[in-house]
Amino acid sequence: MPELPDVEVIRKYVDKTVLHQSINKVEVSAKDILDGISEKHLQSQVKEREFESTYRHGKHLFAKLSGDGWVIFHFGMTGYFEYFKDKEKAPKHTRALFSFDNCYNLAFVLQRKLGKITLTKDIDIFVKKQNLGPDALDKNFDLEAFKEVMQGMKSSVKSALMNQGHITGIGNIYSDEILFQTGIHPKVKANQLSNRDLDRLFKAMKEVLETAIDSQADPAKMPEHYLLRHRKKGEKCPACSGEIAKIRISGRSAYFCPNCQS
DNA sequence: ACATTGACCTGAGAGC
DNA sequence: TGCTCTCAGGTCAATG
């Protein structure tokens, strides 16, 4: 789930549920999801504070605490939030639970424990420390910057799009979608793309991510011509009705249409 | 320095 | 039904 569009949808969910409510406590049931902080420290930082606002950089979600600092959430491959009242009804795989004075709770749910919670005083410092590139939807990340990044990479274009150190936010699903919409084969080397390809790739990157957000990151709500709705081996390509193929690139499954993407 | 692989977790779904 | 095997939207350390 949690690539850039999914995290943006989660961010909006947080905005309309838990902002400006006093945090009663946080309980962490899987300590290994805490990244470099102790449960005690997290507790002391959030107790009797509020989440004031949110910010997203790539796949990371930042929740600003009243007073000072940010709580950072990373959702791994399976993470999401659920806001609910009855504590007995906490979702399975709840790894951390924030309780608020209004008797509601926010569950940080991870089936696989690949997500993280940590703290930072400053987003820029965190982004730098993690070696994260610019957010894929950042207005300042323009065509020129995009071309420079892609021309400097010898890996496949799919791996290049997923490399968080150069562009942050795109994962396995959306890299496939962006390449499908551009008609580029995922194994083509990034630094061998033509100028025209790069123009189209950049445009598709922004469009696909924005469209996905507008669709609440729900494939069923996305345009019919999106690969996401047919991302399965043997399914029919929405453009040419040929068969969707599956190959392995850098250890990940890549779905594409051999006919449309050459 | 860069790119690719394996390990990390847990469960769902496929195949027998 | 039950067992085993493979795979899953991410990242990091180790390897080439």
Side-chain angles (χ1 to χ4, degrees), chain A residues 1-11 28-36 56-61 72-81 91-96 107-118 126-127 129-133 135-136 148-180 186-192 205 208-209 211-213 215-222 226-235 244-256:
Chain A
M1 244 206 277
E3 297 182 36
L4 187 154
D6 311 275
V7 178
E8 181 61 16
V9 171
I10 292 171
R11 191 188 68 75
V28 181
S29 50
K31 298 217 182 59
D32 35 340
I33 65 159
L34 296 177
D35 193 9
R56 185 191 52 72
H57 183 95
K59 305 173 188 174
H60 288 272
L61 178 64
I72 306 172
F73 298 92
H74 190 281
F75 297 88
M77 286 177 105
T78 58
Y80 63 94
F81 276 142
K92 200 176 173 184
H93 310 306
T94 295
R95 309 300 187 184
F108 181 55
V109 188
L110 304 166
Q111 183 201 107
R112 302 165 72 188
K113 294 193 236 170
L114 301 174
K116 294 278 182 224
I117 296 179
T118 189
F126 175 82
V127 165
K129 199 181 73 191
Q130 294 287 305
N131 281 314
L132 296 171
D135 182 84
E148 204 178 311
V149 163
M150 300 305 280
Q151 284 163 349
M153 298 186 77
K154 285 189 277 190
S155 66
S156 68
V157 58
K158 178 174 168 69
S159 297
L161 288 171
M162 290 196 293
N163 186 319
Q164 305 299 300
H166 293 274
I167 307 171
T168 303
I170 300 168
N172 203 30
I173 291 278
Y174 286 100
S175 58
D176 279 356
E177 188 65 56
I178 291 162
L179 290 167
F180 178 75
K187 270 197 171 164
V188 173
K189 301 290 178 206
N191 63 2
Q192 287 173 8
M205 174 183 79
V208 164
L209 295 174
T211 300
I213 292 168
S215 312
Q216 286 83 51
D218 178 355
K221 293 181 182 146
M222 289 179 205
Y226 267 42
L227 176 69
L228 224 47
R229 305 187 50 164
H230 312 270
R231 196 175 176 279
K232 212 175 167 187
K233 199 181 172 189
E235 284 264 311
I244 297 300
K246 176 183 167 183
I247 56 174
R248 206 108 185 127
I249 298 178
S250 294
R252 310 300 301 276
S253 294
Y255 291 82
F256 71 109

key: Nearest-nucleotide pick for A:Gln111, side chain only, options being B:dT10, B:dA3, B:dT4   = B:dT10
Candidate nucleotides B:dA3, C:dG10, B:dT10, ranked by approach to the side chain of A:Lys113 - the nearest = B:dT10
ask   = Can you check whether A:Lys246 has a side-chain N or O nearer than 4.0 Å to OP1 or OP2 of C:dA8?
value = yes
Euclidean distance, A:Asn172 CG relative to A:Tyr174 OH, rounded to 0.5 Å = 12.0 Å
key: Residue mapping more 5' on DNA chain B - nearest nucleotide basis, A:Leu114 or A:Lys232   = A:Leu114
ask   = At their closest point, which heavy atom of A:Ser156 faces which heavy atom of A:Ile249, and how far apart are they?
value = OG-CG2, 3.5 Å
task = Name the pairing partner of C:dC7, where a pair is Watson-Crick or G-U wobble with both distances under 3.5 Å, or state none.
result = B:dG11
task = Check the distance between B:dC8's P and A:Leu110's CG and give it to me in whole angstrom.
result = 18 Å
task = State whether A:Lys59 places a side-chain N or O below 4.0 Å from either non-bridging phosphate oxygen (OP1 or OP2) of C:dT11.
result = yes
ask   = Are OP1 or OP2 of C:dT11 and a side-chain N or O of A:His74 less than 4.0 angstrom apart?
value = yes
ask   = What distance separates A:Gln164 CD from A:His57 NE2, expressed to the nearest 0.5 Å?
value = 9.0 Å
task = For B:dC9 and C:dC3, measure between their P atoms and round to the nearest Å.
result = 25 Å
request  = May I ask you to say what A:Lys154 touches in the nucleic acid, namely base, sugar-phosphate or nothing, with a heavy-atom cut-off under 4.0 Å?
outcome  = sugar-phosphate
Spacing between A:His93 atom NE2 and B:dT10 atom P, to the nearest angstrom = 10 Å
task = Assign A:Met162 to base, sugar-phosphate, or nothing according to its heavy-atom contacts below 4.0 angstrom with the strands shown.
result = nothing
request  = Mind checking A:Asp32 for me? I need base, sugar-phosphate or nothing, with any heavy atom below 4.0 Å counting as a touch.
outcome  = nothing
ask   = Phosphate oxygens OP1/OP2 of C:dA8: is one of them under 4.0 Å from a side-chain N or O of A:Ser253?
value = yes
task = Let me know the distance between CG of A:Asp176 and P of C:dG10, rounded to the nearest Å.
result = 10 Å
inquiry  = In this structure, how many angstroms lie between the P atom of C:dC12 and the CG atom of A:Asn131, rounded?
reply    = 9 Å
remark   = Here the distance between atom P of C:dG9 and atom CG of A:Leu227, to the nearest Å, is 12 Å
inquiry  = In terms of relative ring orientation, are A:Phe81 and A:Phe108 parallel, tilted or perpendicular, with 30° and 60° separating the classes?
reply    = tilted
task = Between A:Gln130 and A:Glu3, name the one whose nearest nucleotide on DNA chain C is closer to the 5' end.
result = A:Glu3
key: Minimum-distance pair of heavy atoms, taken over all atoms of A:Ala160 and A:Met150   = CB-CE, 3.8 Å
remark   = Of C:dG9, B:dA3, B:dT4, the nucleotide closest to the side chain of A:Met77 is C:dG9
ask   = For atom P, what is the distance between C:dG9 and B:dA14, given to the nearest Å?
value = 15 Å
task = Give the minimum heavy-atom separation between A:Ser253 and A:Asp176, together with the two atoms involved.
result = O-OD2, 3.9 Å
ask   = Quick one: A:His60 NE2 to C:dC12 C1', roughly how many Å, whole number?
value = 12 Å
key: Short side-chain to backbone donor-acceptor contact, A:Glu3 and A:Ile170, under 3.5 Å   = no
note = Whole-Å distance, A:Ile10 CD1 to C:dG9 C1', equals 11 Å
message = Rounded to whole Å, please give me the gap between CG in A:Leu228 and P in C:dG9.
response = 11 Å
message = With a 4.0 Å limit, can you tell me whether A:Arg231 has a side-chain N or O closer than that to the phosphate oxygens OP1/OP2 of C:dG9?
response = yes
task = Please measure how far the P atom in B:dG6 lies from the corresponding atom in C:dT6, and state the result in whole Å.
result = 14 Å
message = Please confirm whether the shortest side-chain N or O distance from A:Tyr255 to OP1 or OP2 of C:dA8 is below 4.0 Å.
response = yes
query = With respect to the phosphate group of B:dG11, does any side-chain polar atom (N or O) of A:Arg112 fall under 4.0 Å of OP1 or OP2?
reply = no
query = B:dT4, C:dG9, C:dA8: which one has an atom nearest the side-chain heavy atoms of A:Arg252?
reply = C:dG9
